[in-house]
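Working notes, beginning with the structure itself.
What you see is a predicted model, and the numbers here were worked out from it, not measured in a lab. Throughout, protein chains are lettered first and strands after them, A, B, ... in sequence-line order, and every chain is numbered starting at 1.
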2 protein chains.
Amino acid sequence: MTRQHGVSRADVAGEAGVSPTTVSLVLNGRADEKRVSKQTQERVREAAWRLRYVPNSAARAMVGRRHLTVGMVTRQPPSTLHLPIFEYFAVGAVEEAARRQHTVKILPPVTDVESYDVFAVLRDAHVDGIVVHNVGWLAQVLADWRMPVVYVGPGEDHDDLPLDRIGMVTTDEQGGMCSSARYLADVGHTTVGVVGNATPEGAPLRRMRAFIDEFAHHRGGISHYIDPGDWTWSPEDGHRATKQLLEAWPGITAVQVGSDWMAIGAMRALVEAGRRIPDDVAVVGFGDFPVSAFLNPPLTTVTWPLHDLGGKAVEMLLAQLDGKPDGLGAVVLPTELVVRSSTRQ
Amino acid sequence: MTRQHGVSRADVAGEAGVSPTTVSLVLNGRADEKRVSKQTQERVREAAWRLRYVPNSAARAMVGRRHLTVGMVTRQPPSTLHLPIFEYFAVGAVEEAARRQHTVKILPPVTDVESYDVFAVLRDAHVDGIVVHNVGWLAQVLADWRMPVVYVGPGEDHDDLPLDRIGMVTTDEQGGMCSSARYLADVGHTTVGVVGNATPEGAPLRRMRAFIDEFAHHRGGISHYIDPGDWTWSPEDGHRATKQLLEAWPGITAVQVGSDWMAIGAMRALVEAGRRIPDDVAVVGFGDFPVSAFLNPPLTTVTWPLHDLGGKAVEMLLAQLDGKPDGLGAVVLPTELVVRSSTRQ
DNA sequence: ACAGCCGGCGCCGGTTTTACT
DNA sequence: GAGTAAAACCGGCGCCGGCTG
């Protein structure tokens, strides 16, 4: 129950000695327009305050056809939700929503296709539209159920989304990775290790593939990588994967890691193996999270505008709700290589 | 609008050739109990699927008096919301809520007392209860408005909360800090620097005060600290504060930092100043976040069960909603010192 | 007549339009 | 014409009572 013993509009009306209509008028600021006398207004406000009256939000949503709420869906922990990635993104969304008098609701995370009951989720959603993070098929399905949708994410599976019905915001991860590949090649590296190519599904992540290709095509460098099976992009997994990588390919002089969080574990593994950073092995991360500039050594990495991603997604979703056309179609946010001490002596 | 051209229950009824009541019965699983024939059930389900019918969540919430939603409030960024602290806590809440068929909604963050319109927030909340993070006065006010509330947080201002009407979950931060103080004293430190004593309001954080007192009483050690004014508990602020600390008190042999995120900046500042960790200066953090064990060097710190904190808060809130008494009163979660290489050669 | 099935109707608590002193 | 109240409606849920074979 929203309130224990629901004080209703009628209670306030009784207390103030007016009709329920007048209570609505006064509390919604339409009293002057409707010529309710100042004394009556004051009486209503006084009564509402005394009773701590709050209009029932469900009733308002029903008649107003607006919840002023944006839903947000992502994958099941631990793959995404419990990583700070989600947070940076979510905070951007919350802030943009707040700017527009909306709030954000976190809908049940997705595990797999079969067990996700779209009907039940929508039935209990209380949401005007949904931002879908990193689950392409769900964006598609929600759109089929006539729910306004914006898809965001690294996008391994967003190729055939119907952009005339849904919005999409992505980041130019491949571009940033290509910058890194060219940079490492240009400063003389010819053999790098790649940590983070595999997703839980086993498909190579597109941005890692972009790195490998660019590193090969630019100056003919070679990328070695391992597939440690399921991982969660945690420092721990970066640590484990890098140890395996060093055993398999001891000759690498640089490591490109798939995220800064894994890069922290990777740097630790390198130090434990007696390699100096960057003297023996250079390290490049991905993400440029707030800690990255303060690590020992400060980490060279690719910026990833996750905060903007969340904000832009909400902006587009609200545009859709207002019937504006710019809430649909694709938007790509830029990335950039930031060189720090982990690659530079 | 939840759905562009609202398909209503009546539409499904028309399509299936039954009454609206029957549609509800079938879709809510009470069809067998009410002896609706299998054929009719199938016809209804078929029609509902064909029209992609979803019951209006606002209407359901109104009649059912339940939103199946838990609200969550914290302070305005950047003080809390955009720190990973929020994430660990929030994820615990989301997971526990999901376990109980509920979802979590992020309500507008609090800036200050005057500008926070409790009436408007509650009016648009669509929640059954609220978890308040770190804003004692708001927990009190919401309870006055008859909203079920659980307060969580480090708790500088929760001393006089009415525990007969609200739930409270805190962590034994002081205990963990005292362990750290005794440990540092026992291994021979007599003069430590403290980073993170000041909140934006200027009052010393209780857990930092606990450290200082215990360090003094246990073996007569001395704590030096500085107040760098407003800060956001970021690595950057930890870096800045530690630099100031080293200038003011060059003789310190250990640093107790208020959070692991600041500790990352603190370690960087120490390295930049040419101090070796732990040989010249030992470092202790607070939080034990996933990265902390993989830093260079791995960080000694105090565990902080933020994930459990979020889960427990939701658990208590839902207990309140079920009318159970154990949703009220105070619960304290334990902390623990974890010794790693940043204090041990 | 008596199960087995289904539909009419009032209600939840607001907003908005219209009508009435 | 100023000020307030009545009534329709939003879209579901569920109690009854009634219709069927």
- Assess whether one donor atom and one acceptor atom, taken from the side chain of A/Ser37 and the base of D/dG3, lie less than 3.5 Å apart. no
- Message: Quiz question: going by heavy-atom distance under 3.5 Å, is there a donor-acceptor pair between the base of C/dG8 and the side chain of B/Thr21?
- Response: yes
Nearest-angstrom distance from the residue atom [atom1] of [X] to [atom2] of [N]:
X: B/Glu33; N: C/dG4; atom1: CD; atom2: P; answer: 15 Å
X: A/Arg43; N: D/dG3; atom1: CZ; atom2: C1'; answer: 11 Å
X: B/Arg65; N: C/dG14; atom1: CZ; atom2: P; answer: 10 Å
X: A/Arg30; N: C/dG14; atom1: CZ; atom2: P; answer: 17 Å
X: A/Asn56; N: D/dC10; atom1: CG; atom2: C1'; answer: 13 Å
X: B/Gln39; N: C/dG4; atom1: CD; atom2: C1'; answer: 13 Å
X: A/Leu25; N: D/dG3; atom1: CG; atom2: C1'; answer: 11 Å
X: B/Met62; N: D/dG14; atom1: CE; atom2: C1'; answer: 14 Å

Is the distance from OP1 or OP2 of [N] to the nearest side-chain N or O of [X] less than 4.0 Å?
X: B/Thr22; N: C/dG7; value: yes
X: B/Ser24; N: D/dG14; value: no
X: B/Tyr53; N: D/dG11; value: no

- Taking the six-membered ring for Trp, are B/Trp49 and A/Trp145 parallel (under 30°), tilted (30 to 60°) or perpendicular (over 60°)?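 B/Trp49 vs A/Trp145 ring planes: perpendicular.
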- So what does B/Val36 touch, heavy atoms closer than 4.0 Å: a base, only the sugar-phosphate, or nothing?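 Here B/Val36 touches the backbone only, sparing every base.
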- Check every strand shown and say whether B/Arg9 touches a base, only sugar-phosphate, or nothing at a heavy-atom separation below 4.0 Å.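 Base contact - B/Arg9 has a heavy atom under 4.0 Å of at least one base atom.
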- Task: Could you work out which one of C/dG7, D/dG11, D/dG12 sits closest to the side chain of B/Val18?
- Result: C/dG7
- Among C/dG14, D/dT4, D/dG12, find the nucleotide with the atom closest to the side chain of B/Arg60.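 Given the options C/dG14, D/dT4, D/dG12, the side chain of B/Arg60 is closest to D/dG12.
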- Taking B/Tyr116 for the side chain and B/Pro108 for the main chain, is one N or O donor matched with an acceptor at less than 3.5 Å?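 A pair under 3.5 Å: yes.
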What's the spacing between [X] [atom1] and [Y] [atom2] if we round to 0.5 Å?
X: B/Thr69; Y: B/Lys105; atom1: OG1; atom2: NZ; answer: 7.5 Å
X: B/Met316; Y: B/Ile166; atom1: CE; atom2: CD1; answer: 9.5 Å
X: B/Arg52; Y: A/Leu122; atom1: CZ; atom2: CG; answer: 11.0 Å

- First of A/Val63 and B/Pro20 reached from the 5' end of DNA chain C, by closest nucleotide: B/Pro20
